[in-house]
Amino acid sequence: MSTVRLTATVTGEVQGVGFRYRTRQQAEQLGLVGSATNRPDGSVLVVAAGPSSAVEQLLKWLRSADAPGRVEEVEADLHDDGANGLTGFVTD
């Protein structure tokens, strides 16, 4: 099973609606490590690493109606560099 890293910028109404908290819950349920961070432009940066199937599930969730708020767009990049020093899942 390969380990991958997702870097995603989520735009829309995603701050002040529990988006980071719920993203952390989803990531932890999937066994992923990483972070969800509010950005000054109103977007949220999500970094998640783990088994490729779990990362794909998180990405699917980010793009779904189940994600809190109103997601307009998810710009995502997947990389093969895996966890590369990440531990746990934090929200900043």
Side-chain angles (χ1 to χ4, degrees):
M1 194 179 330
S2 66
T3 300
V4 298
R5 179 188 294 242
L6 166 70
T7 303
T9 301
V10 184
T11 57
E13 185 183 324
V14 292
Q15 290 190 12
V17 293
F19 187 85
R20 291 175 301 140
Y21 174 77
R22 289 283 310 283
T23 300
R24 184 182 74 213
Q25 283 184 321
Q26 289 295 315
E28 288 174 341
Q29 287 176 3
L30 293 167
L32 302 174
V33 296
S35 62
T37 307
N38 282 343
R39 304 193 67 191
D41 65 1
S43 66
V44 172
L45 176 65
V46 177
V47 176
S52 58
S53 60
V55 170
E56 289 288 344
Q57 282 183 273
L58 180 66
L59 180 56
K60 183 178 178 180
W61 179 84
L62 289 171
R63 291 179 166 149
S64 78
D66 293 333
R70 185 179 42 81
V71 174
E72 291 178 2
E73 185 176 4
V74 179
E75 292 181 26
D77 292 309
L78 292 170
H79 307 278
D80 290 331
D81 58 355
N84 198 21
L86 296 174
T87 58
F89 200 95
V90 297
T91 56
D92 298 333

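These numbers come from the heavy atoms of this one structure, side chains and all, not from hydrogens, waters or symmetry mates.
For the pair V71 and R63, the minimum side-chain heavy-atom distance is 4.5 Å or more. Looking only at side-chain heavy atoms (C-beta outward), L59 and V74 come within less than 4.5 Å of each other.
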Under 3.5 Å, which donor-acceptor pairs link side chains of residues 22-34 to any protein atom two or more places apart or in another chain?
unit_1, atom_1, unit_2, atom_2, d
T23, OG1, F19, O, 2.7
Q25, NE2, Y21, OH, 3.2

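L78 and L58 fall within the same hydrophobic cluster, where Ile, Leu, Val, Met, Phe, Trp and Tyr residues are linked whenever their side-chain heavy atoms come under 4.5 Å apart, directly or through other members. The hydrophobic cluster containing W61 also contains V17, counting ILVMFWY residues as joined when their side-chain heavy atoms lie under 4.5 angstrom apart, directly or transitively.
For the residue pair F89 and A48, the shortest heavy atom distance occurs at CE1-CB, 4.2 Å. Shortest non-hydrogen contact noted between V14 and G42 is CG2-O, 3.6 Å. When all heavy atoms are compared, the tightest approach of P68 to G18 is CG-O, 3.8 Å. Of all heavy-atom pairs spanning V4 and S52, the tightest one is CG2-CA, 3.7 Å. Minimum heavy-atom separation, A49 to V55: C-CG2, 4.2 Å.
Note: L6 CG to E56 CD = 8.5 Å, rounded to the nearest 0.5 Å.
Between the S64 side chain and the D66 main chain, a donor and an acceptor come within less than 3.5 Å of each other.
Every pair passing side-chain hydrogen bond (donor to acceptor under 3.5 Å, both in side chains) that includes a residue from residues 10-20 is listed here, sequence neighbours excluded: R20-N38.
Partners of E72 by salt bridge (Lys or Arg N to Asp or Glu O under 4.0 Å), not counting sequence neighbours, listed by chain and number: R70.
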